[in-house]
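These notes concern the structure reproduced below.
Model, not experiment: these values are computed from the prediction. FYI, side chains are in, hydrogens and waters are out, and symmetry mates aren't considered; it's all heavy atoms of this structure. In listed order, ligands and their atoms are each counted from 1.
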Amino acid sequence: MPHSDRDAGSNFSSVPVIDYALLSSPETRPLFIAQLRHALINVGFLYLLNPPVDPFDLSYIPKLFALPPEEKERIRMVHSPHFLGYSRLGAELTKGKVDRREQFDFATPHETRWEEGKDVPEYWRLWGPSQWPEESLIPGFHAAFERYLTQVQALSYNFISLLSEAFGLAPDALNYFYDTDEKMQHRAKVVQYPVVTDADEDDQGVGPHYDAGFLTFLLQATPHKGLQVQNLSGQWIDAPPIPNTFVVNIGKALEFATQGLARATSHRVLSPKATPGEPTTPRYSVPFFQNISLDVKLTEKVLEFPPEILKLKKGRGEVAATESVNFTEFDREPSGQVGLIGRVKSHPDVAQKHYPHLFKRYFPDGLPKVSSAY
Ligand SMILES: O=C(O)CCC(=O)C(=O)O
Ligand SMILES: [Fe+2]
């Protein structure tokens, strides 16, 4: 089991594993908090073992991708101004390059609040209902997935207060960044990475990137390797699946809000290859992205960390330059606007239909065929 969270200071060669069960006793709780602090500051990724979430029935996933083509077409993301729905293989870009994955974007339940002509920010239009497949075609999936999202959402809030504790702050110190329940919506995806059979074919499952928000909880739903995390000196470190864990990672917004104390770490997925010893079935994963308030500007709240915590960041050293997509707009725009720009860049076809003015700004030459979009 990769477990070298004692790699002191500046670099890491594997992703630490932290057992949620340590929280159940006052004797072991401080150990959890100390391990969490190390992972947040030095790695930006961790495995959370024994998370308090009922296992999601993974047999739904192949059924989802086996839905008839007309049903996938009916719920395609291009029909949704909320960027929710089905994306075909090759429909998504990272750094202007096509990703080899097929996916369904779903979200926690939410009503649309945006209306044409109503004086509300455009990014409020990101909120809205998911496009669910017809119940008769995949009975039980909708309810099971929403139940799963509810539990991961609860864990994500709980995790934020643990993180505050690890940084020497009050448990509610980060509440400023969240809105009331009716103005919060979190997103998740169910992703399929097909096996690459031709050795010459491109193997970008998803290209190097940072996640945008605060926290991501990733369920690796098959035994494939493929997920890689970039360490401080720029090397790609494997983060293979470990049973009964979530991979938890920090997004750019949390890095910004904590003045860089919590590291956002660049990561990518290599497509599974038809090589001996590797599964010949697709790789499946289910990332959950915890959002913050769309209206919050990260610069509006300056957190005061104890000096001994700030010192730990100094000991970490500088992060090597990376090729990953950045979210540089966090220093001036509300988080919802940053999220909307990110969605426009990743899903230009959706943007062209529902946000034509933004589409023109980011894709002045029209829909990209391949590569080099931005
Ligand atoms: O599929 C995975 O394992 C990771 C996906 C990912 O990093 C993302 O969608 O942001
Ligand atoms: Fe990611």
Side-chain angles (χ1 to χ4, degrees), residues 2 15 43-48 51 56 58 61-62 64-65 77 83-95 97-107 149 152 156 186-196 203-231 236-243 245-255 262-273 278-279 281-291 322-327 338-339 342-343 345-347:
V15 174
V43 185
F45 263 76
L46 59 101
Y47 290 94
L48 186 64
F56 173 64
L58 301 179
I61 301 180
L64 196 54
F65 288 98
M77 190 190 275
F83 293 87
L84 293 168
Y86 171 70
S87 301
R88 295 186 288 218
L89 192 66
E92 193 192 27
L93 303 173
T94 297
K95 275 197 79 83
K97 209 174 145 198
V98 173
D99 296 326
R100 281 186 59 84
R101 59 179 183 174
E102 195 181 335
Q103 63 196 8
F104 294 85
D105 282 60
F106 298 112
L149 293 185
V152 184
S156 77
H186 305 292
R187 290 169 171 259
K189 301 192 294 198
V190 183
V191 192
Q192 168 169 269
Y193 298 88
V195 174
V196 169
D203 68 350
Q204 171 167 308
V206 57
H209 68 280
Y210 296 102
D211 293 345
F214 261 33
L215 293 172
T216 304
F217 291 80
L218 172 72
L219 173 65
Q220 299 200 73
T222 51
H224 301 77
K225 288 191 200 145
L227 176 64
Q228 295 188 321
V229 177
Q230 203 167 23
N231 74 9
W236 289 103
I237 306 297
D238 283 326
I242 298 179
T245 65
F246 282 121
V247 174
V248 183
N249 69 284
I250 309 297
K252 270 285 162 192
L254 185 57
E255 180 180 74
R263 265 196 82 191
T265 297
S266 152
H267 53 286
R268 67 180 181 188
V269 174
L270 302 179
S271 302
K273 297 222 179 58
E278 285 293 314
T281 46
R283 175 178 185 271
Y284 295 129
S285 70
V286 186
F288 173 98
F289 303 100
Q290 191 213 40
N291 268 326
T322 132
E323 285 296 291
S324 287
V325 173
N326 254 311
F327 292 93
V338 182
R343 298 262 91 190
K345 288 178 175 176
S346 307
H347 294 278

Could an N or O of ligand 1 be found under 3.5 Å from any N or O of Arg101, whether backbone or side chain?
->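 It does: an N or O of Arg101 is found under 3.5 Å from an N or O of ligand 1.
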Could I get the full list of salt bridge (Lys or Arg N to Asp or Glu O under 4.0 Å) partners for Arg343, not counting sequence neighbours?
-> Asp105
Can you tell me which portion of [X] lies within the under-4.0 Å heavy-atom range of ligand 1? Options are side chain, backbone, both, or neither.
X: His267; answer: side chain
X: Val191; answer: neither
X: Thr216; answer: neither

Which ligand 1 atoms does Ser285 reach within 4.0 Å, using its non-hydrogen atoms?
->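 So the answer, numbered in order with elements, is 1 (O), 2 (C), 3 (O).
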Where ligand 1 meets Lys189 - atom numbers and elements under 4.0 angstrom, heavy-atom basis = 9 (O)
Do any protein N, O or S atoms sit under 2.8 Å from the Fe ion (ligand 2), and which ones are they?
-> His209 NE2, Asp211 OD1, His267 NE2
With ring centroids as reference points, do Phe65 and Tyr284 lie under 6.0 angstrom apart?
-> yes
Would you say the side-chain atoms of Gln230 and Arg268 include a donor-acceptor pair closer than 3.5 Å?
-> no
Spacing of NE2 belonging to His224 relative to OG1 belonging to Thr281, to within rounding of 0.5 Å | 4.0 Å
One should read off an interatomic distance between Ser87 OG and His347 NE2, to the nearest 0.5 angstrom, of 4.5 Å
Please state which protein non-hydrogen atom is closest to [atom] and give its distance, to 0.1 Å?
atom: atom 4 (C) of ligand 1; result: Val269 CG2, 3.7 Å
atom: atom 3 (O) of ligand 1; result: Arg283 NH2, 2.8 Å
atom: atom 8 (C) of ligand 1; result: His209 NE2, 3.6 Å

Which is it for Arg263 and Ile250 under the side-chain contact (heavy atoms from CB on, under 4.5 Å) test, yes or no, and what are the steps along the way?
-> CA-CA 6 Å; Arg263 265 196 82 191; Ile250 309 297; 5.6 Å; no
Once the angle between the rings of Phe288 and Phe217 is folded into 0 to 90°, is it parallel (under 30°), tilted (30 to 60°) or perpendicular (over 60°)?
->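 Phe288 and Phe217: perpendicular rings.
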Apply the side-chain contact (heavy atoms from CB on, under 4.5 Å) test between Gln290 and each candidate in Val152, Val248, Leu215; give the one that qualifies.
-> Leu215
Stepwise side-chain contact (heavy atoms from CB on, under 4.5 Å) test for Leu84 and Arg187 = CA-CA 9 Å; Leu84 293 168; Arg187 290 169 171 259; 3.4 Å; yes
Considering Tyr193, Tyr284, Tyr210, which one's heavy-atom position lies nearest to atom 1 (O) of ligand 1?
-> Tyr193
